Amino acid sequence: MDRTEITEHLRAALSAVLNKELPEVSPEMRLFEDLALDSTSVIELLMSLEDAIGLEVDPDELGPDVFRTVGSLADYIEAGFARTTV
């Protein structure tokens, strides 16, 4: 899965979790400050991504830096897919 696909899945999942249409997201968008996610919505987001793209989340790898921006979350997802295809 390439970065464009990951970003599109993130946009769709964020739209669903936030119950509002997000026409586009940028890597610099901050998940908590700009998009107003909270701890509950982060869990919903991860569950949505697990269902939509088969993302396997390792809770031990989830530090606060993963959820800093859309780009940092996309990096985590991209790295996860890279590990599963090796």
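Everything quoted here is computed from the prediction, not taken from an experiment. Position 1 is the first residue of the sequence, and the numbers go up from there.
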N/O donor to acceptor pairs below 3.5 angstrom from side-chain atoms of residues 41-53, sequence neighbours left out:
unit_1: S41; atom_1: OG; unit_2: D38; atom_2: N; d: 2.7
unit_1: S41; atom_1: OG; unit_2: D38; atom_2: O; d: 2.9
unit_1: S41; atom_1: OG; unit_2: D38; atom_2: OD1; d: 3.0

Contacts of E61 that satisfy salt bridge (Lys or Arg N to Asp or Glu O under 4.0 Å) - sequence neighbours left out: R83
Gap separating the CG atom of L10 from the CG atom of L73, nearest 0.5 angstrom: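 Nearest 0.5 Å value for the CG-CG distance: 5.0 Å.
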Rounded distance (nearest 0.5 Å) linking atom CE of M29 with atom CG of L35: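 Going from CE on M29 over to CG on L35, the span is 4.5 Å.
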Residue pairs involving residues 14-29 (criterion salt bridge (Lys or Arg N to Asp or Glu O under 4.0 Å); sequence neighbours excluded): R11-E21
Sequence neighbours excluded, every pair satisfying salt bridge (Lys or Arg N to Asp or Glu O under 4.0 Å) that has a member inside residues 71-82: R3-D75, R3-E78
Any residue meeting side-chain contact (heavy atoms from CB on, under 4.5 Å) with D2, in chain and number order, not counting sequence neighbours: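 Here the qualifying residues are T4, E5.
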Donor-acceptor pairs are to be reported for all side-chain atoms of residues 62-70 against protein atoms at under 3.5 Å, with residues two or more places apart or in another chain.
unit_1: T69; atom_1: OG1; unit_2: P27; atom_2: O; d: 3.3
unit_1: T69; atom_1: OG1; unit_2: G71; atom_2: N; d: 3.3
unit_1: T69; atom_1: OG1; unit_2: S72; atom_2: N; d: 3.0
unit_1: T69; atom_1: OG1; unit_2: S72; atom_2: OG; d: 3.4

Derivation and outcome, side-chain contact (heavy atoms from CB on, under 4.5 Å), residues L37 and L14: CA-CA 9 Å; L37 287 183; L14 284 163; 3.9 Å; yes
